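Worksheet: the structure to be examined is printed underneath.
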Amino acid sequence: MSYYDHKEIEKKWREYWAENQTYKVEEDYNKEKFYVLDMFPYPSGAGLHVGHPLGYIASDVYARYKKALGFNVLHPMGYDSFGLPAEQYAIQTGQHPAVTTKTNIEGGVDKAGNQISGYRSQLDQMGFSFDWSREVRTSDPKYYKWTQWIFKEIFNSWYNNDTNKAESIDTLVDRFETEGNANVNAVGEQVAVFSAEEWNSWDVAQQREMLMNYRLAYLADSWVNWCPALGTVLANDEVKDGVSERGGHPVEQKLMRQWSMRITAYADRLLNGLDEIDFTDSLKEQQRNWIGKSKGASVFFDVADSDKKVEVFTTRPDTIFGVTFMVLAPENELVDEITTAEYKDAIAAYKQKAALKTERDRQANVKDITGQFTGAYAIHPFTGDKVQIWIGEYVLAGYGTGAVMAVPAGDQRDYDFAKHFGIDIPNIFEGVDISEAAYAEKDAVLSNSDFLNGLDAKTGIEKAIEEIEKRGFGKGKINFRLRDAIFSRQRYWGEPFPVFYKDDVPYLIEDALLPVTLPEVDKYLPTEDGEPPLARANEEDWEVFAGDRMEYNTMPGWAGSSWYFLRYMDPHNEEVFADKKKLDYWNQVDLYIGGAEHATGHLLYSRFWTKFLCDRGYISFEEPFKKLINQGMILGRSSFVYRMLFNTNLEETNPDMDRYIRSIISPIFVSYNYKRLLVSNTGKLSDPDQLKKGELDAKMFKIEDDVQNEIKGRVNPEIYSNFKFRFSNFTSPNHVDISLVDNDVLNQELFKKWRPEYENCRFIDEDGKYICGNEVEKMSKSKYNVQTPDELVEKFGADTLRCYEMFLGPLEQFKPWDVKGINGVNNFLKKLWRLFFTDDVFAVSEGDPSKENLKTLHKTIKKVSEDLNRYSFNTVVSTMMIAVNELNEQNCNNKHILENLVILLAPYAPHIAEELWSKLGHNESVTKAAWPTFDPAMLVENSFEYPVSFNGKMRFKIELPTDLSKEEVEKEVLAAEKTAQYLEGKTPKKVIVVPKKIVNVVV
RNA sequence: ACUCGAGUGGUGGAAUUGGUAGACACGCAAGACUUAAAAUCUUGUGUCCAUUAGGACGUGCGGGUUCAAGUCCCGCCUCGAGUACCA
């Protein structure tokens, strides 16, 4: 085989790898480990486009590099195979989601008869070094058995603020039994104090109900994001702009009994942990904002003529003397209790109006100020003044206490509210004008504020909290925006809970009976009375059943993905979720690659579960992912054809005829460079454009004439006498399939066959070529700009595609896909191949390499290693290209040089590397070869070509020995012939010499 | 509005700690091979001026620091991403 036959080579080595289990990894406790992980994919039926494997290629390159460096590398892959799309498809087709999921992964034919190649084979053809023996699927009962087990652990835990750790619920029960809850410092709901005697006197149901307030996985009535279209609740991170992230359906607030995870217990640790991990700043920032820590105070205001109190949270307790009213969220429980008889109806009406609005409506109408007075008054704790209590939509039920103390002088929303309802706006800042707007900056000095007068915000806040605590109506408090995570979904295709109910009290299924598998149901829809699909299953449909009924909810998508990276360490263990020794060995993920869209979902939840499992002693690290790289999206390059618009003169007089004539005139498309001239008839045209415009006019004229004549025989003469076909100056751009376009030139024949309506279309082309316009957009079927890896692998091979995707640009960046460029990379591999051949015969020379050869090699080893160390995947390809170009020029076919070159290339182009490696006489896979060592001695030069600049401008170069001192270099430069020319007779003020870098002469 | 990120040839991009801006590739142009096309190879290719020699300008815009700025500092503009009544 003398030419580079990628098909043959790639097939051969893929088979070799599979047969020899080249990528199988074992724990080797004497070897240093490295864990490279990709965010695992949801196996959709649509398959992969070129954007999907980008991150996998990068991680594969890195994994192979680390392995060559001698690390024991764990690099697994699996599927996040529970989820909505499979279930929606199941609802439509009645096919079990397990079946479609399996087809999407393993290939087959879907219900509509489409051939699906399957994720696995698409991944395999890319030559990835995944250890498939460790594959996990979240929907596999053997896997979700342990997801259920972890749920049980979380359920059986509480958060002890004193130890700042999750502990077994047994330690809590012990304390309740001996001392009650008075001294328990736990994260949880506010509960009344009880004694040990009281606890011991309760029955099991009462005790379990109390424990719910403490458990880290708990069942409670909570305000949830209810999405009627999807028939399920959604977590906060699954709602974007008030609609569901998947599908964009409206979401409303609803009070429902739901499972939740007490992630708020970990808010502070999730925040602090960010300092220890290497994520991008923007991602850390997103998590910080999501957690939303704010310091302030919680203050109680007595309600006048009542024993009720309103608790508020404020970050500006220093502005408390500016309080002129209070506002509660409409959903706040206190509202009904304090509303006076007089205002009952108005309040009820307002509440109802608010409840009907979707999340989105409430967000959209930020500018609309609404609210309603309750009739009740609160007592200002310092001044004793009576202040009105209102309810208003701008106060969120879910944040803080669902109530605010309104300080119109210092908060714009309060200011607007006060203005709108005519409430006082007393100024509490010295020398600040608040006639137009509130003053929210923290640099103003307080006034009209009793003991706080003269203080700035910082000291004022401290002083205020001190005083509030002293007088006993509040205390300093830290508040988080982060909410507990809703953990149930009213869906079928998810993990069933290991939970059953007896007398409406939830109990756990014992470990020995796990997993609780999904029962068969007749339909994947809610029941008539609105229960989740699992309620359709009868007792006998459940493999595991206990109590009165099983839990009907299933777990959310993030359950399985929160811990999968641990299961890869020991995927087939049936005794524990993973063996402790293996967990300790593989430890954290050293490099994690995936999209940034998981910033506040998966990446936060898995950090939470990791901390939990660490607290409970199952693992020995708190952060799952040491370093994370977000790969940027590969955008599509869409091509456009421009359809000419025209007038018929009949639009008004005879619209029916107009429509008829339009229907019989085949589309006319104008080439891009002409279209430009059509639209830009303003301003002066350049001479060539002027010429082109002339051409265009002539062509348009001709077609106008042709069309005019063609119509003649097809309509009656009377109508024809009024018919005048004239092009307008406008065109309508239509997407055209990129497979019909080569280098912006449209294949006119194929285009005519593409769609029946284009069969007889006409082109106004340029010298026979129709040039398409283009635009960079997201890849999507509807834009006909999707590039699948399959056709490229077929045409150029996986090695070329791998190199090209890396070559495209920095991994993190968004970049447009340009098919053209792939030729260059393919050429590079062909050139490389040819280095090994002389006159079509494989031939390498055994002798010592030349100094030049060695210099090229070691320069390359150095740069490739450095670049990989800083994850600069794109520049490595350029470096390899330079090396091949240089070796080509040097006519190098030295065995030593080429062997090392092959090892350097192997992470990027493993197939061709294996082939050349074996041709070089090796019997083992190139993946077993050690990374070459850089020898600085090979790069030592005895002369350097100094760029000489004058006043910072480079003028000429001069070759000088490297062992010259600065002074000698200066002397040589000043003596140089060209120097005089640039000095123009002046004497240099100063000469800067940076050895082996630059010389700058200041004149 | 706020937070983060990014603006470099016709295009993707390189320049790692301030030290030759535009590496490497695409595209384009010219040439070689060919009956022709494709493929391949060679040469050129930031812009402007100049026949050449050479010169001027040049990393979004305006300032500054420095012998020297794509890189550092200040102000602004544009684009992208995220968040959005968070008290």
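Please read these numbers as outputs of a predicted model, since none were measured by experiment. In what follows, every heavy atom counts, from backbone to side chain, and hydrogens, waters and symmetry copies are set aside.
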For atom NZ of A:K978, is the number of surrounding heavy atoms from other residues, nucleotides or ligands below 6.0 Å larger than 12?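 Atom NZ in A:K978 is not packed in, count stays at 12 or less.
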Please determine whether the number of non-hydrogen atoms from other residues, nucleotides or ligands lying under 6.0 Å from atom NZ of A:K862 exceeds 12.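 No - once you tally the heavy atoms of other residues, nucleotides and ligands closer than 6.0 Å, there are 12 at most.
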Let's test this: given Watson-Crick or G-U wobble pairing with both distances under 3.5 Å, identify the partner of [N].
{"N": "B:U16", "answer": "none"}
{"N": "B:A1", "answer": "B:U83"}
{"N": "B:U35", "answer": "none"}
{"N": "B:A23", "answer": "none"}

Taking atom [atom1] in both [N] and [M], compute the distance separating them and give it to the nearest angstrom.
{"N": "B:U35", "M": "B:U43", "atom1": "P", "answer": "25 Å"}
{"N": "B:U16", "M": "B:A30", "atom1": "P", "answer": "37 Å"}
{"N": "B:U17", "M": "B:U11", "atom1": "C1'", "answer": "31 Å"}
{"N": "B:G46", "M": "B:A29", "atom1": "C1'", "answer": "16 Å"}
{"N": "B:U8", "M": "B:A69", "atom1": "C1'", "answer": "14 Å"}
{"N": "B:U66", "M": "B:C28", "atom1": "C1'", "answer": "40 Å"}
{"N": "B:G9", "M": "B:U45", "atom1": "C1'", "answer": "10 Å"}
{"N": "B:G82", "M": "B:A87", "atom1": "P", "answer": "22 Å"}

[X] side chain: which of [options] is closest?
{"X": "A:K953", "options": "B:C67, B:G12, B:C57", "value": "B:C57"}
{"X": "A:N827", "options": "B:C86, B:U40, B:A25", "value": "B:U40"}
{"X": "A:K815", "options": "B:U16, B:G12, B:G55", "value": "B:G12"}
{"X": "A:D867", "options": "B:C85, B:U16, B:A25", "value": "B:U16"}
{"X": "A:E393", "options": "B:U40, B:C85, B:A87", "value": "B:C85"}
{"X": "A:E866", "options": "B:U16, B:G13, B:A87", "value": "B:U16"}
{"X": "A:V395", "options": "B:A87, B:C85, B:C67", "value": "B:A87"}
{"X": "A:T875", "options": "B:A15, B:A56, B:A84", "value": "B:A15"}
{"X": "A:S878", "options": "B:C24, B:G55, B:A14", "value": "B:C24"}
{"X": "A:R481", "options": "B:A87, B:U16, B:U83", "value": "B:U83"}

Could you give the CZ-to-P distance, from A:F956 to B:A53, as a whole number of Å?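 After rounding, the gap between these two atoms is 18 Å.
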Whole-Å distance separating the CZ atom of A:R288 from the C1' atom of B:A84: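 My rounded result for the distance is 19 Å.
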Checking all strands, does [X] fall into the base, sugar-phosphate, or nothing category for heavy-atom contacts under 4.0 angstrom?
{"X": "A:T280", "answer": "nothing"}
{"X": "A:F807", "answer": "base"}
{"X": "A:N874", "answer": "sugar-phosphate"}

Give me, pair by pair, the N or O atoms of the protein and of nucleotides 3-9 of chain B that are less than 3.5 Å apart, along with how far apart they are.
| residue | atom | partner | partner atom | Å |
| --- | --- | --- | --- | --- |
| B:U3 | O2' | A:E285 | OE2 | 3.3 |

Which residue pairs satisfy the side chain to side chain donor-acceptor pair (under 3.5 Å) criterion with at least one member in residues 881-890 of chain A, sequence neighbours excluded?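 Side chain to side chain donor-acceptor pair (under 3.5 Å) check on residues 881-890 of chain A returns A:K831-A:N885, A:N853-A:Q890, A:T856-A:E886, A:T856-A:Q890, A:K859-A:E886.
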Test item: A:S449 side-chain N/O and A:L446 main-chain N/O as donor-acceptor pair under 3.5 Å: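 A pair under 3.5 Å: no.
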Would you mind reporting whether A:P381 and A:F473 have side-chain heavy atoms less than 4.5 Å apart?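 Yes, close enough: below the 4.5 Å cut-off.
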Looking at A:N885, does any N or O in its side chain come under 4.0 Å of the phosphate oxygens OP1/OP2 on B:A25?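 A:N885 to B:A25 OP1/OP2: side-chain N or O found under 4.0 Å.
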Taking 4.0 Å as the cut-off, does a side-chain nitrogen or oxygen of A:R637 come that near to OP1 or OP2 on B:G12?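 It does not, given that no N or O in the side chain of A:R637 lies less than 4.0 Å from OP1 or OP2 of B:G12.
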If you assign each of A:Q286 and A:M881 to its closest nucleotide in RNA chain B, which residue comes earlier from the 5' end?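 Whichever sits nearer the 5' end wins; that is A:M881.
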Nearest heavy atom decides the nucleotide; on that basis, is A:I822 or A:K830 closer to the 5' end of RNA chain B?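 It is A:I822, whose closest nucleotide lies nearer the 5' terminus.
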How are the rings of A:H858 and A:F934 set relative to one another: parallel (under 30°), tilted (30 to 60°) or perpendicular (over 60°)?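 Rings of A:H858 and A:F934: tilted, as their planes differ by 30° to 60°.
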Would you call the rings of A:F950 and A:F956 parallel, tilted or perpendicular if under 30° counts as parallel and over 60° as perpendicular?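 If you compare the ring of A:F950 with that of A:F956, the planes turn out tilted.
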A:Q286 side chain to A:T600 side chain, donor-acceptor N/O pair below 3.5 angstrom: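 Checked: A:Q286/A:T600 side chains show no N/O donor-acceptor pair below 3.5 Å.
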Under 3.5 Å side-chain donor-acceptor pair for A:S872 and A:T875: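 A:S872 vs A:T875: donor-acceptor pair found between side chains.
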Detail all sub-3.5 Å separations between protein N/O atoms and N/O atoms belonging to nucleotides 20-22 of chain B.
| residue | atom | partner | partner atom | Å |
| --- | --- | --- | --- | --- |
| B:U20 | O2 | A:K957 | NZ | 2.8 |

Between A:E285 and A:R288, is there a salt bridge with N-O shorter than 4.0 Å?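 Yes, this pair counts.
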Electrostatic pair A:D268-A:K295, nearest N-O below 4.0 angstrom: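 Answer for the salt bridge query: no.
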Using O4'-C1'-N9-C4 for purines and O4'-C1'-N1-C2 for pyrimidines, with syn meaning within 90° of 0, is B:G27 syn or anti?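 Nucleotide B:G27 adopts anti.
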Is there a side chain to side chain contact (heavy atoms under 4.5 Å, CB included) between A:K795 and A:T800? Walk through the geometry before answering. CA-CA 10 Å; A:K795 195 167 167 198; A:T800 296; over 6 Å; no
